[in-house]
There are 2 protein chains.
Amino acid sequence: MNDCRVFMILKELALMGSMNRYTMIHTSELGKRVGMSQQSASRWISIMEKRGLIEKEKYGRNIRVKITSLGRVYLKKAHFDFTMIFGDSRRVELRGEVMKGLGEGRYYIMKEGYRKQIEEKLFFEPFPGTLNVRVYPNYRKRVKEIREGEFISLDGFEENGRKFGRVRAYFATLNSYPAALIVPEMSQYRDVVEIISDVKLRDKFDLKDGSEVLLVIYL
Amino acid sequence: MNDCRVFMILKELALMGSMNRYTMIHTSELGKRVGMSQQSASRWISIMEKRGLIEKEKYGRNIRVKITSLGRVYLKKAHFDFTMIFGDSRRVELRGEVMKGLGEGRYYIMKEGYRKQIEEKLFFEPFPGTLNVRVYPNYRKRVKEIREGEFISLDGFEENGRKFGRVRAYFATLNSYPAALIVPEMSQYRDVVEIISDVKLRDKFDLKDGSEVLLVIYL
DNA sequence: ATTACTAACGTTCGAGTAT
DNA sequence: TATACTCGAACGTTAGTAA
């Protein structure tokens, strides 16, 4: 069955915002996001339109697409499957304020040993730097809860005789934008957490030191 | 990318229980479930083993597989994607007791007009019959909540001049087993709900009239 | 009964390119 | 700029069958 192609692209379109409204897309960008050529992405868009999973319309030289109710049902089913697999998984909210970093985050993120695992296990290319968030006191016991929850393990490694320890990662959102929380297993701090993402979060949300942010961690 | 094949099969294996333990599988059954031949399923299992997503071991003439932590991460990512798409979707619990049906459910389910849509939009072949559940009084206001929530629409149709109305469907579980709740749009009853599934639920859970069941509806 | 190899067959891919 | 067509090459599929 080639249904899986259709699912993959449908999911990507949903993530690009085509769920409830017509969204302008570029077949080359879509192709890049799902790992195929512009030509293939274009072809699949046509196939999916014929199958009634999306609506497509020309928009000047571009196209706009919108997921149909049938397409939505396809996605819903997959979502249901994952709910069956993982149960009703926990979500933990944290609030805190942005803190000046020490530039260390950038140093670590750039290490090939971590970078590679971030791409492999968190599925994004990290912006080279971390956002440090000081969690407000009344949320700090939740940090402990997170540490004890299910995590994604980024293995430690050695480089030029220097050891880099194992790091725990968690899928998360910062102000609703997809990101990840990373916690070195050796770290002591319980009130400061580090966030990585595929963009510079400081710029995306115009964050200054002291800005309040909302984190949601998905265990 | 053929990653989507891997995802699809990994999800299926997870649904078959390979997430946390070695599970005996049959490549022919797996193939049927994902819509490919026994030979292809066998080949993909080998590929996924090489890629470190599952562990495989011979078990007599059969094989046993177990999803690795890397495989789990793949699934987790997809689950996270769906959480981004649908937000933290609601789940509603109902409790009630099994009720004698009037044989009507069977009559409706067997109508090609509904059957086809069940396979297309709910993704299972329905057992020909419905399980009627009388919801306990203190759960009845939740039935209203469900009716007003997001539903999957099974369109009405006409057959030999007789009209069959539109039906609302919801993904659900009965005693944790995947099923669907169906509600004819015209129906009056608010205290009795009808459940369909791919198996005879009465037999699966050895239900008699009056047996208590737990329903979870995923809106 | 299984799983899994081989070989012939289809499908899908993407470079080139028209629009 | 875009999207989307053609077509030869690459890849995935399955029937047959060995183990």
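None of these values were measured; they are calculated from a predicted model. Every chain is numbered from 1, with letters handed out A, B, ... down the list of sequences.
- Evaluated for a ring-ring contact (aromatic ring centres under 6.0 Å, His included) with A:Phe80, the options B:Tyr170, B:Tyr218, B:Phe86 yield exactly one hit, B:Tyr218.
- Within the 4.0 angstrom heavy-atom criterion, only backbone atoms of the sugar-phosphate kind lie near B:Ile25; the bases stay farther away.
- Taking both residues in full, the closest heavy atoms of B:Lys208 and B:Arg202 are given as C-NH1, 4.1 Å, listed atom of the first, atom of the second, then distance.
- For residues 50-57 of chain A, proximity to DNA chain D is found at A:Lys56, defined as any non-hydrogen atom under 4.0 angstrom from a strand atom.
- Although no hydrogens or angles enter the test, the distance criterion places no donor-acceptor pair under 3.5 Å between the side chain of A:Thr173 and the main chain of A:Ile217.
- Contact annotation: side chain of B:Gln38 to base of C:dA4, donor-acceptor pair present below 3.5 Å.
- Listed nucleotides: D:dG12, C:dT2, D:dA4. Nearest to the side chain of B:Arg61: C:dT2.
- Taking atom CE of residue A:Met36 and atom P of nucleotide C:dT12, one finds them 11 Å apart after rounding to whole Å.
- D:dT1 atom C1' lies 16 Å from atom OH of A:Tyr59, rounded to whole Å.
- Taking only side-chain atoms of A:Ser42, from C-beta outward, the nucleotide of C:dG14, C:dC13, D:dT3 with the closest atom is D:dT3.
- Residue A:Trp44 places at least one side-chain N or O closer than 4.0 Å to OP1 or OP2 of C:dC13.
- Rounded to an integer number of Å, the gap from NE2 of A:His26 to P of D:dA4 is 13 Å.
- Looking only at side-chain heavy atoms (C-beta outward), A:Leu30 and A:Met16 come within less than 4.5 Å of each other.
- Between the side chain of B:Gln39 and the base of D:dG12 there is no donor-acceptor pair of N/O atoms closer than 3.5 Å.
- If you check D:dT14, C:dC13, D:dT3 against the side chain of A:Ser40, the one that comes closest is C:dC13.
- Ring geometry, B:His79 versus A:Phe82: the interplanar angle falls under 30°, so the pair is classed parallel (tilted spans 30 to 60°).
- You'll find the ring centres of B:Phe157 and B:Tyr114 inside the 6.0 Å limit.
- Separating the NZ atom of A:Lys32 from the P atom of C:dC13 is a distance of 19 Å, rounded to the nearest angstrom.
- Remark: C1' of C:dT2 and CD1 of B:Ile45 are 14 Å apart, rounded to the nearest angstrom.
- Which of D:dA2, C:dA4, C:dT2 sits closest to the side chain of A:Asn62 comes down to D:dA2.
- What separates CG of A:Leu30 from P of C:dC13 is a distance of 12 Å, to the nearest Å.
- Residues A:Asp88 and B:Val216 form no side-chain contact, since every pair of their non-hydrogen atoms from C-beta on lies 4.5 Å or further apart.
- With distances taken from any side-chain atom of B:Arg5 to the nucleotides D:dT13, C:dT3, C:dT12, the minimum falls on D:dT13.
- Between B:Asp3 atom CG and C:dT12 atom P there is a gap of 17 Å when expressed in whole angstrom units.
- Seen from the ring of B:Phe164, B:Arg162 counts as a face-on cation partner, given the 6.0 Å and 45° thresholds.
- Dashed line: the shortest gap from a side-chain N or O of A:Lys58 to OP1 or OP2 of D:dA4 is under 4.0 Å.
- Contact annotation: A:Arg43 reaches the phosphate of C:dC13 (side-chain N/O to OP1 or OP2, under 4.0 Å).
- For A:Met24 and D:dT1, the CE to P distance is 15 Å, given to the nearest whole Å.
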